[in-house]
Novice: 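My questions all concern the structure below.
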Amino acid sequence: MKLLKCIIQPHKLEQVKDALNNLGIKGMTVTEVKGYGRQRGHKEIYRGLEYNIFFLPKIQIDVVLEDKMVDEAVKAVVDNARTGHIGDGKIFILDIGNVIRIRTGEEGPDAL
Amino acid sequence: MMNRTRLLAFGGAGLARVAVIVIVPLMLGGCTAVPVHGGKIDTGDTAWMLMSTALVMLMTPALALFYGGLVRQKNVLSVVMQSFIALGVITVVWFLLGYSLAFSPSLIKIGDYGFLGGLSWFGTRGVGMDPYPDFCPTVPHRLFMVYQCMFAVITPALISGAFAERMKFKTYLVFIVLWSLLVYTPMAHWVWSANGWLKKIGAVDFAGGTVVHMTSGLTALLVAVMIKPRLGFPREAFLPHNLVFTVLGASLLWFGWFGFNSGSAIASGQLAVTAFIATHNAAAAGAVAWMISDWVLKEKPTILGAATGAVAGLVAVTPASGFVGPISGLVIGAAAGFLCSWACTWRARKGIDDALDAFGVHGVGGTLGVLLTGVLASPFLNAAVQSTPGIIHGGFKLLMLQTLAVVVTIVFTVVMSWIILKILDATMGLRVDTGEEQMGLDLTQHGESAYSS
């Protein structure tokens, strides 16, 4: 099993969620996060003074999948989160040791 | 031991006796006959002045919003409190002592030129329900007193923008009381009382360009330097936490300013209309000018710029509002929008942490307005400048008098404020300690948070 940590533009969340849903992925966890990458934030202006704002708001989607689903899911996220502009985000893929459903005690892919 | 106990007991009894002697007659003053000065009450004027008083009252909470939106979350309550509590503290001071020092017949005077009122109106003694010809020929004197109270309240609160996010609250309270009595009341006496010396020589200030905005704005610059910048300034960006508050605050200030300027006619006739329109136009032009300035220099028309520009226009038109027409109002507002916008970036480049730009807006805007009054004042709109019209109406004397008023206001305000601040710094300390500043003033000064979770 793999964990996909997708950092995306906040306004792309609905579209990405729908695309992952359509693949039959049954759940995800979404967090509001802040961060910066190569673009190093953006500029804001207050009373004639410019400020460099490094940490921009992003959305992080955590979704755990069976290995065979990964390629499809990555493609869905990339296709739907991409605007082509700088700041579109990243996907991190991690191995997952086990998953346990708390209510029933099921383990592994059955618990997804 | 016995002696000390007895002394304490005596002290307590003495205090109680003083309280009875002082307070009871003051309370009785409300029901015994009050002096009659003649003159007939005009209900239209009185209605407008009641309304204006309430409008000016609203400006202090509006200022709390204007300032509150500009600070970080952890300090919003402390800033809002500094404005709000001025309504409480300064009202008490004003009714007991401030009004008497500012407006009662001059106690300290040279020849016919008055420098400070006396204690003859201490605790509202002698301030009655009849009109008082020198200030308010058609409305009750007591109404004029409470109207002026609202001006006294907002003025020290304006300064709070300078030391936002780092001032000790206890020291703040003592500061506004001392400053109100030692800077505001003498200035009000010079400019507005029956024989105040600046008024007598012919300098004009319709609603408080010198008394309200220059005094507070100049003190703001001074205190920003004396209290030193916030931790992290200018390396860290201190960004506004809620600009919607700020714009709402600016809008309510604009609304309240109709009472501030138009009410300064102390009547509801043509003069009030002159001031009303000049006020509105200056705010409008100020907003547009600052927006253009941002757009040209920084590529984006910012709403903080537009809101601040409106306030700058309102500040600048304050001394002029009863002397100028609609187009002059536009000119004053536009000039203020451009100049104050430049002033705010200037002070930042100088490394001065006047956190919310009380100087750039009130100090610079107020000075500009007092001087432009000398240029634009029209003898056709206000008989007070009949013999000393502004430059565009062919007179040069008024501008010279206005310049003198500017210089006097600067010197007096800076010297007095410096003395007050030095004493407070040495005795109580101006600034919270580093840990408190980092944690935020809401928690450390007031034990509250503005937003849960």
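Every chain is numbered from 1 and lettered A, B, ... according to where its sequence line falls, protein lines coming before strand lines.
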Novice: Between Arg166(B) and Lys228(B) (side chain of the first, backbone of the second, donor and acceptor by atom type, cut-off under 3.5 Å), is there such a pair?
Specialist: yes

Novice: Side chain, backbone, both or neither: which part of Thr345(B) has a heavy atom under 4.5 Å from chain A?
Specialist: both

Novice: By a 4.5 Å heavy-atom criterion (distance strictly below it), what part of Leu239(B) contacts chain A: side chain, backbone, both, or neither?
Specialist: side chain

Novice: Find out whether the Lys NZ or Arg CZ of Arg230(B) is both under 6.0 angstrom from the six-membered ring centre of Phe238(B) and within 45° of the ring's axis.
Specialist: yes

Novice: Need one label for Tyr51(A): side chain, backbone, both or neither, based on atoms under 4.5 Å from any heavy atom in chain B.
Specialist: side chain

Novice: Select one option (side chain, backbone, both, neither) describing which atoms of Trp290(B) are under 4.5 Å from chain A's heavy atoms.
Specialist: side chain

Novice: Taking Phe359(B)'s backbone N and O only, do any of them form a donor-acceptor pair with Asp354(B)'s side chain (distance below 3.5 Å, no angle check)?
Specialist: yes

Novice: State whether the side chain of Lys74(B) and the backbone N or O of Gln438(B) hold a donor-acceptor pair below 3.5 Å, judged by distance alone.
Specialist: yes

